[in-house]
Amino acid sequence: MAHSAITHDPIEPTEVLASLGSDEDGAVLLFLGTVRNHAEGRDVTGILYEAYQEMAEKELAAIAEEAAVRAGTPRVAVIHRLGELAVGEPSVAIGVASPHRAEAYDASRFVIEEIKKRLPVWKKERFVDGSADWTDGTRPQAAAPPARESAS
Amino acid sequence: MAHSAITHDPIEPTEVLASLGSDEDGAVLLFLGTVRNHAEGRDVTGILYEAYQEMAEKELAAIAEEAAVRAGTPRVAVIHRLGELAVGEPSVAIGVASPHRAEAYDASRFVIEEIKKRLPVWKKERFVDGSADWTDGTRPQAAAPPARESAS
Amino acid sequence: MKIQTVFFATYRELAGVGSLEVELDEGATVGTLIDRLRSEACPSLPEDPAVAVNLTYALASELLHDGDEVALIPPVAGG
Amino acid sequence: MKIQTVFFATYRELAGVGSLEVELDEGATVGTLIDRLRSEACPSLPEDPAVAVNLTYALASELLHDGDEVALIPPVAGG
């Protein structure tokens, strides 16, 4: 089963890699999203990540399971961090291992794109002048038809 | 400048990651090619990697530089290992860091595909029954026109 | 029926609160709730924000039930 | 002129040696060298193997020069 977590603890890339190992795999891919020192021309000193944690855990688990189908293996591990992060720190780690590289790249890319589309997480960028702003995001779409009955 | 190496020493993924770090980057991608325990239905115990080392160093450096252009940063590190490798050991590590993830994925994938097309490296798979076979490969293509004069 | 409404990030700042209990009539939908919030507690909420009902994204047409938790979800920016 | 020829992997096993010095006339090309190898030292070498001259992939039409190192490159399988 794929692994996923929403955490306030620093992400340890080495642990993510170590969690994937299998002798069946010929390709291991680790993606780290890290806090950049600039955004749209402004100097950034850090980012505050906030989540609807209970829902984010559920969505991230679903994304990881969908990625595992793409990877053809259950060896998918996804961690998203919350709280105050400094420049250079990883906010997200995505590990995928697969017998073949095409599937590993596809599954890894799928996870980060889905996170950006539907994980209920927001970030407030802190700028060098002391100001802070919520970053523009993407409106998530409800799957249609909804799981429960509708009034329409 | 991008970094590349052909080495007989074990690959340390953590060192590859650590070599990339820059505060300008929002995406870091590490690909590891690892020795699988099977190939075309046969059980593999290990692989011997052989290279035309002097040329492999030159080709790998060129691939890394081309990838750096794609990544839009010089933060590309590629290591290919030679010698006897056991199942699970990485034979190749590709690290790319970039401000944006699309460029990081593109550059990373480019490196592994180019390695498979043109790096003068060969592998002999060792099977559980004690036999060993050179793995089928890809015929590299000379760039046309050649750098030197031609008789045609 | 009672609906627990929760706000995040920019919507929390617009609403000035993190959560709000709203009393609605039976038959109310997500859309009913949003209209109510826009006319009372949170006039600057967009007309058609993304919404989750009990941790699942939902359409404005979804029927609500007593005790549901409805989250108002600003455009997401994880990763 | 003298050409240093080097063999790798399967081609080394076909040739039975890792390297071979070949004497060719001026004007000889990569193709000339391959024909010579196929008719003498290494009959089972393919007709059109990949070749590198002085560490760069080359076509069969490329002219050789005294002291060149020509590598016979079997299909590659790195990664």
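What you see below is based on every heavy atom in this structure, not just the backbone, and it leaves out hydrogens, waters and symmetry mates. Chain identifiers are assigned alphabetically (A, B, ...) following the order of the sequence lines, protein sequences preceding nucleic acid strands; residue numbering begins at 1 within each chain.
- Near-neighbour residues of residues 31-48 of chain D relative to chain B, defined by a heavy atom under 4.5 Å from a heavy atom of that chain, comprise D:Asp48.
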Review point. Going through the distances and angles, do B:Lys58 and D:Thr56 end up as a side-chain contact (heavy atoms from CB on, under 4.5 Å)?
Key: CA-CA 9 Å; B:Lys58 181 174 168 268; D:Thr56 300; 2.8 Å; yes

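- For CD of B:Glu54, the number of neighbouring non-hydrogen atoms (other residues, nucleotides, ligands) closer than 6.0 Å is 12 at most.
- Most heavy-atom pairs under 4.5 Å with chain D: of the set B:Gly33, B:Pro120, B:Ala62, B:Ala56, this distinction falls to B:Pro120.
- Only the backbone of B:Leu119 comes within contact range of chain D, with at least one heavy atom under 4.5 Å from a heavy atom of that chain.
- Evaluation of the side chain to side chain contact (heavy atoms under 4.5 Å, CB included) rule for D:Asp25 yields no partner, not counting sequence neighbours.
- Looking at D:Val6, only its side chain comes within 4.5 Å of chain B, counting heavy atoms on both sides.
- The CZ atom of D:Phe8 sits 10.5 Å away from atom CH2 of B:Trp134, with the distance rounded to the nearest 0.5 Å.
- Close approach to chain D, defined as a heavy atom under 4.5 Å from one of its heavy atoms, is seen in B:His80, B:Ser91, B:Val92 of residues 75-107 of chain B, taken by number.
- For residues 71-79 of chain D, a heavy-atom distance under 4.5 Å to chain B picks out D:Ala71, D:Ile73, D:Pro74, D:Pro75, D:Val76, D:Ala77, D:Gly78, D:Gly79, given by residue number.
- The environment of CG in D:Asp66 is crowded: more than 12 heavy-atom neighbours from other residues, nucleotides or ligands sit within 6.0 Å.
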Exercise for review: Before giving the answer on side-chain contact (heavy atoms from CB on, under 4.5 Å), spell out for B:Gln141 and D:Tyr57 the whole-Å C-alpha distance, their side-chain angles and the decisive distance to 0.1 Å.
Suggested key: CA-CA 7 Å; B:Gln141 301 298 320; D:Tyr57 289 115; over 6 Å; no

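- Contact tally against chain D (heavy-atom pairs below 4.5 Å) for B:Arg118, B:Glu57, B:Lys124: the top residue is B:Arg118.
- The parts of B:Tyr52 that come within reach of chain D are both its backbone and its side chain, each placing non-hydrogen atoms under 4.5 angstrom from that chain.
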